[in-house]
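In what follows, a structure is listed as structure tokens, so that the remarks can point back to it.
Quick note: numbers below take in every heavy atom, side chains included, and nothing from hydrogens, waters or symmetry partners. Predicted, not measured: the structure shown is a model, and the values here were computed from it. Counting starts at 1 for both ligands and their atoms, in listed order.
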Amino acid sequence: MTDHDTVPYADLPAYPDEERIARAKSFYEAIRTRRTCRQFSDAPVPRAVIEQAILAAGTAPNGANHQPWHFAVIGSAERKRAVREAAEVEEKAFYETKASDEWLEALAPLGTDKDKPYLEIAPWLIVIFGQRRGGPNPGDDKQNYYVTESVGIASGFLIAALHDAGLATLTHTPNPMKFLNEVCERPANEKPMMIVVAGKPAPDATVPTHALSKKQLDAIASWL
Ligand code: IYR
């Protein structure tokens, strides 16, 4: 390895194997209760919860530790309305003309459509931007690497942190999403990649049964 500054690897807990297995199982039991939510309550959620979840997301592994992401957090009614209106224009085009029959068929069991009222109802919309340029320090202007992968992992951390705090989320990806640069006042070289809608579920919220079925271990893993 080339010369570089180091600190000792932090001590990881020396659990007995049984406890490791039990902890891995208990994490699975907790994360498997996450459900994508499409009916939100307008009940407020403290900004501090979102701040901590974003801090957790910001620890995700990423390209060259450039941390090529920006989280634009929308809480104001005006901006939420702007996101909803622009997203619904795109979704109308998607559902009425752009989507293939095969795609619409795949979405049918989820019951999604062009109407996105939750974008105005949920207390928080977290818009995640990938930065093509940046660097390890604020204000840097260097090439970033593995932006899609890095933002994907950070989004997973964000969703897991919000779930752990007892909040419901929805990953929303209107296509195209360029309108989000303007609403969020972000520069053109940042790419909006995902909206994570966060809040409490509406009291009468439902989940499509289609979403409950998860592939078995032997269908998603092989051992060599
Ligand atoms: N973005 C659209 C369509 C959509 C696409 C997929 I793939 C989904 O898993 C869910 C929705 C929408 O939000 O309705």
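Of all atoms in ligand 1, listed by their number and element, those nearer than 4.0 Å to a heavy atom of T173 are 1 (N). For ligand 1 and F94, the ligand atoms under 4.0 Å from any heavy atom of the residue are 3 (C).
With salt bridges taken as basic N to acidic carboxylate O contacts below 4.0 Å, one links K25 and E29. Between E120 and R84, at least one side-chain N (NZ, or NE/NH1/NH2) sits under 4.0 Å from a carboxylate O, which counts as a salt bridge. At a threshold of 4.0 Å, the pair E90-K178 does not count as salt-bridged, since none of the basic side-chain nitrogens sits closer than that to a carboxylate oxygen.
From the protein, the heavy atom lying nearest to atom 3 (C) of ligand 1 is Y95 OH, 3.4 Å. Looking at atom 5 (C) of ligand 1, its nearest protein heavy atom turns out to be L107 CD2, 3.7 Å. For atom 7 (I) of ligand 1, the closest non-hydrogen atom of the protein is W103 NE1, 3.5 Å.
For atom 1 (N) of ligand 1, the candidate residues are E91, H172, E90; the nearest heavy-atom contact is made by E91.
In plain terms, the two heavy atoms of H66 and N144 that are nearest each other are ND1-OD1, 2.9 Å. K98 and P176 make their closest contact through NZ-CD, 3.7 Å (heavy atoms, listed as atom of the first residue, atom of the second, distance).
In this structure, K114 falls outside the shell of residues with a heavy atom less than 4.0 angstrom from ligand 1.
An N or O contact shorter than 3.5 Å links K116 to ligand 1 by distance.
Between Y95 and T112, the side chains place a donor N or O and an acceptor N or O closer than 3.5 Å (distance only, hydrogens not considered).
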